[in-house]
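Worksheet for the structure shown next.
From a predicted model like this one, the values you see are computed outputs, not experimental measurements. Letters A, B, ... mirror the listed sequences (proteins, then strands); counts begin at 1.
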Amino acid sequence: QSTQQSLSSGSVIESIKQEGVIKIGLSIFRPWSMRDLNGELVGFELDVGRELAKDMGVEVEFVPTSWDGIIPALVSGKFDVIISGMSITPQRNLTVNFSDPYAYSGMTILANKAMTEGFSLEDYNSADVTFAARRGATPAAVIADMFPEAELLLFDEDGASTQEVLNGNAHATMSSEPTPSEAARRYPETLYVPFNEAFQAGGEAFALRKGDPDAENFFNNWIGTKTRTGWLKERHDYWFRGEDWKDKVAE
Amino acid sequence: MKMNNTRASASLKEMIHVAHVDKFYGDFQALSDVDLSVNQGERIVICGPSGSGKSTLIRCLNGLEFHDAGEIIVDGISVEEDSKHLKTLRQEVGMVFQQFNLFPHLTILENLTIGPMKVRKIAKAEAEKRARLYLERVHIPEQADKYPAQLSGGQQQRVAIARSLCMETRIMLFDEPTSALDPEMINEVLDVMVELADTGITMVCVTHEMGFARKVADRIVFMEAGRIMETATPDKFFTNPDSERLKLFLGQILDH
Amino acid sequence: MKMNNTRASASLKEMIHVAHVDKFYGDFQALSDVDLSVNQGERIVICGPSGSGKSTLIRCLNGLEFHDAGEIIVDGISVEEDSKHLKTLRQEVGMVFQQFNLFPHLTILENLTIGPMKVRKIAKAEAEKRARLYLERVHIPEQADKYPAQLSGGQQQRVAIARSLCMETRIMLFDEPTSALDPEMINEVLDVMVELADTGITMVCVTHEMGFARKVADRIVFMEAGRIMETATPDKFFTNPDSERLKLFLGQILDH
Amino acid sequence: MSTRAKPLTLKKVLNSVPVSFAIYAFVMWLIIYGAYAGAQAMGYNWQWYRMPQYFYTLTDDGFQLGEIMIGLGKTIQLSLTAFALATIFGLFIALLRLSDLVIGRGLSIALLEFLRNMPLLVLLYLFYYVLGPVFSLDRYTASVLCLAVFHAALISEIFRAGINAIPKGQWEGATSIGMSKGQAYRYIILPQSIRFMLPPMTGEVVHLIKSSAIVSVIAVAELTTIGRNLISDTYMSFEIWFTIAAVYMVVTLLLSIGVSQVEKRYAVQT
Amino acid sequence: MQKFLKRLHWLDYVIVALVLVAVVFVIQRVGGTLNYNWRWEKIPNYIFRYREDQERWVANLLIQGLVATIRISIYASILALVLGVILGVARCSANLAVRMLARTYLEFLRNVPPVVVIFIFFFFLSEQIIAALNMERWARGIARSDDNQIWTFFFGDMRRFPALISGVIVLGLFQSAFVGEIVRAGIQSIDKGQREAARSIGMSRFQELRYIVLPQALRKVLPPMANQFISLVKDSSLVSLISVPDLTFKTVELVASTRMIFEAWLVAAAFYFVICFSLSMLFRRLEQP
Ligand SMILES: Nc1ncnc2c1ncn2[C@@H]1O[C@H](COP(=O)(O)OP(=O)(O)OP(=O)(O)O)[C@@H](O)[C@H]1O
Ligand SMILES: Nc1ncnc2c1ncn2[C@@H]1O[C@H](COP(=O)(O)OP(=O)(O)OP(=O)(O)O)[C@@H](O)[C@H]1O
Ligand SMILES: [Mg+2]
Ligand SMILES: [Mg+2]
């Protein structure tokens, strides 16, 4: 009885209700979350976060955090939940809990044309090939998994890895669509997306501190509902397939 | 002038009493079995070759260093490392250093008033009045608002003397007060010291200025290798010294 | 001894020629219209109150400073800022400083040989032979392998003299060579300088050691406020000076 | 020597060595315990037992160095290369700065001002993304050069201070026996100024090792990069950050101690 | 001009030639090899922007970041100064325990890379302090109230106040080690004679420190302190790693949003240079009496 009580009163849901605000940790990552021309946050995560807060009847506060420190920051209580396109991996799961996935984004390879001419998928798995990716992001895990032979360089953010490929310092990088296709369109002489197929990780989910079944249950059900009503898919398509938002964010 | 002053004061109370004092720096013995007694109003000059322990002795008198054996009693206060009276003692004993050690960030006036104001808790107006009085005494009243760096060495040393005087101490120690000065400035300072000697203050002075010693000292102490080798009146000291070493020393000092 | 030496050399060639020299530090005029002529083998002593320009003058002679107007010719070489012969000049003119300026990271022997070896390109063995010769001359052959810091001030100054001698210069400049020394050590150095004076070297010496001046100088130059006020033989200088200022100065210097 | 027995006072007791050590140990224990309790309160599960494998492993192939040790090796290699270059550049800049060359002095001052007023992180981005492609530098060369140039500015100031610390009399002494400027530098000034430069130089090596951590942002393999990669793999942030900090501390402290020994020997010699 | 040319040494000409060659080479390569679409025209928007919806000019990302950097630097240097003086005095204390504790603190901070120090402090210390003071709720209360202009002026968005404070604490603690060393050097540079003179007019140890040693030491440490302040401004870029929204953090965000990697970093570099350089000019002027 008392254990149950203390569990539920210790839940982050409880403190969110008390404070009247939910603090969401996120890291800038196109097109999940971005700064628009006004310097304000926009993106898929922002829609999700606002909707979530609306449904809970509280205010929302987004805490932009560098990707590197996002999990320690969650663990030490700098915010209540991470909603930042974080995909579920077993390693992460050892440290934090995940909700059910709320998005499944496909990832594609973006490669340097001259350096990877005529490469098949197997050719990438060679010690001569260099990949670049964002440290701690899903593509890094996928690359390590799919191309164990290749060298993998990790950077603080996505732009840097694309620039590496562009400058010929790396053969290829991988990230969620639509970013690779956009880049390929912008630098048609140098960059291209060699394979149409998208590589899949376990899906992206909310991350929360361990030992909080109430919150997990709440988020799972919220995601379940929003998936069934099609709201999540509609927003996902808007940000990941559509072009409407492009001119609000500098291109 | 000298005569009557001296003999009168010699009968007064003993101001400095040093008995069987030893002092070590690590293994090196800087003072061995030093005895010295100075009466109120007496003027003592200490001389001796470099490294003989003159500075060490004088610094032991106001507790800038502490002796390891024997006893030192100054103005009735025993000088010891953890004495409660150390502060009182230092207020009674003025010291003038070879390097002046004026406070460069304070004006001359502030140099003179900071001790009385902060240590003796005297009001500012009163302290300044006193400071100007003593600046007058050392003949530089017009320098009150300058900073030490703007003064010549001789003037700085005179300020240092005035600073000690402002504490109205009855004992003054001088450690080679003129040896950092240019030849022309030495006299300025010596003149002030001669005047001071006539006021009845108790004075212990390390110096090689033999002219000064001859003029004002009641007794001259000659040190060598941490010991007091000879103590004599100026007359005897210069005309008929006992020890060979002193003769040699005088020969060298007075030669050129 | 002094007499015959002097008169003989006075008739020889002019080694130092200074005419109408002015020198400014910013707006401050350190030398005004200075004239001086020194013949081969002559011994000149310069004295005067502090700040009168003695060091400035002597430093202009070997190009450590440069004059702004007038001309200085030393050993036939005109001393000018961009003269090609400056290095040659300095090899001909030795200088001994108040602060010795020995090289603390080299042994005494190395201090003496580094000039001959690196500047004159003399072989090491030869340079060492010469160095030991001059160490003998200044009476400290046994110190060859020590470092400067291990020597007393008087010994250091003698090394500095030997270092100049090793360059076998025919002119030696001294800037208050004894004023940084303890009283006991002054004589050591003065003795060496007296011996040196007898070898026929041309010598210009800034000093307040009037005993030395009287003994060796051919002429004494008195400076004041950047000007040469009086030039006289020692006899005249001490017994019958022309200017009032010099009388005053002598009074102070010889007083205490 | 006969020393009088002096009475014990509270001040003396507090200042005595054993009591001081005891107080010290107590305060340190408080701090460590506080940190531990703080982390505990945060609900963090410590996994220290997973750390040793990153230092070494004992497998069938025998003893193998773990990733952290490899990273440490890389850090040292990187730092030493950069330091050697920085010393050369630094001496060059300092001599230019002290020279009579009008343009040379101007150039060295401009360079110093630029470097002094630029965060290293930003400088690194400039080197890698801007100068890198221009001069076709790979990431390793770019980071070595960036560190070398950045520290050359600091080292040149050390050289300058060391040279200026030599009393003017030494220059005059050298000049008055006819040495040229070059000879005076070579035989008189530089040998003496080494004594003044050694302590700040040690500081500079330590500083360089520390700033080398920044190259992790361009993925050059070294200790911090390895640490950050491990964190992104394992999420044991605290354990790994503490370990990395400890490794850096051990290296830099050893270095400081080593150099102070050398210094002592050097001091005795002259 | 004639006179200027006359002062040049032949080596000066060599240097000019070398610099020219390097510049020409760089220009050539930038035109030829660098594969990058420059979009400088977008940058001014991120400095100031006209908001049509609000009909006024507003400071955008880069200026927001710059202001945050300035705020953090000022507060952190005040903190570092206070702690540093205490630490410096502790380093010269007569008590061994105090000296050892100060030394430990200092050696830890000086021997570990700033990045690592900042992470450790951030997660272990600042969070505890913020939680203990219940700062978050308080700051949010202010953010929600209407008359928060003054707070906003001094501390920016009050919602991010705890982040600002963490940044200030971390940076201040980190820099205090260096300030402490400077203060210690200043204290020790005061001639022994000064202390002796103070003592011989009967001052207590505290009076000696208060009236004689510290005033002189502070004057001596002004130049190194100024340098330290400049490096504090530079090191403040590291707090971006703990998500304090300073100039570097905002630049990273801008790059992540727009991929204008070169333009954004060059502008950030220029901003840092301008701040630091004007500071060093200012300090230089102050040092001259
Ligand atoms: N703090 C110290 N530590 C070790 N030795 C010291 C210390 N102070 C003085 N000595 C030594 O004690 C001896 C006596 O020194 P003291 O300064 O009293 O000599 P002095 O007679 O004043 O000489 P001087 O005329 O050169 O001032 C010297 O040999 C000196 O080296
Ligand atoms: N580098 C300098 N810059 C400005 N002024 C200087 C410089 N060197 C000397 N002076 C000034 O020039 C004047 C003459 O100085 P100089 O050193 O020649 O005097 P001096 O006769 O040797 O005195 P002393 O006996 O004190 O050595 C002094 O007033 C001094 O302040
Ligand atoms: Mg002494
Ligand atoms: Mg002079």
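- Across D:K210 and E:P113, no two heavy atoms sit closer than the pair O-CB, 3.7 Å.
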### Message
Determine whether D:I23 and E:M100 satisfy the following criterion, side chain to side chain contact (heavy atoms under 4.5 Å, CB included), listing intermediate values before the conclusion.
### Response
CA-CA 10 Å; D:I23 297 176; E:M100 284 196 301; over 6 Å; no

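- Looking at D:Y248 and E:N111, their side chains never come closer than 4.5 Å, going by heavy atoms from C-beta outward.
- Contact check for D:S20 versus E:N95: side-chain heavy atoms found under the 4.5 Å cut-off.
- E:I230 touches chain D through its side chain: at least one heavy atom from C-beta onward sits under 4.5 Å away, while N, CA, C and O do not.
- At a 4.5 Å heavy-atom cutoff, the contact between D:L115 and chain E is made by backbone atoms alone.
- Contact annotation for E:T248: only side-chain heavy atoms (C-beta onward) come within less than 4.5 Å of a heavy atom of chain D.
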### Task
Give the intermediate values and the outcome of side chain to side chain contact (heavy atoms under 4.5 Å, CB included) for residues D:F21 and E:L96.
CA-CA 8 Å; D:F21 270 95; E:L96 183 60; 4.2 Å; yes

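- By the 4.5 Å heavy-atom criterion applied to side chains, E:Y13 and D:I103 are not counted as neighbours.
- Distance CZ/E:R110 to NE2/D:H207: 10.5 Å, rounded to 0.5 Å.
- Among D:V27, D:V206, D:V251, D:V19, the residue making the largest number of heavy-atom pairs under 4.5 Å with chain E is D:V27.
- The shortest distance between side-chain heavy atoms of D:L121 and E:K234 does not fall below 4.5 Å.
- With a 6.0 Å radius and a threshold of 12 heavy atoms from other residues, nucleotides or ligands, D:F196 has its CZ atom above the threshold.
- When heavy atoms are compared at a cutoff of 4.5 Å, D:A245 approaches chain E by way of both its backbone and its side chain.
- Neither the backbone nor the side chain of D:L223 comes within contact range of chain E, judged by heavy atoms closer than 4.5 Å.
- Here the CZ-OH distance, from E:R99 to D:Y24, works out to 13.0 Å after rounding to the nearest 0.5 Å.
- Proximity to chain D at a heavy-atom threshold of 4.5 Å picks out E:Y272, E:F273, E:C276, E:F277, E:S280 from residues 272-280 of chain E, in numerical order.
- Interface remark: E:V117 contributes no atoms to any contact with chain D (heavy atom separation under 4.5 Å).
- Neither the backbone nor the side chain of D:L120 comes within contact range of chain E, judged by heavy atoms closer than 4.5 Å.
- The minimum heavy-atom distance linking D:G104 with E:D12 is given by the pair N-OD1, 3.0 Å.
- Of the two parts of E:I15, only the side chain, counted from C-beta on, holds a non-hydrogen atom closer than 4.5 Å to a non-hydrogen atom of chain D.
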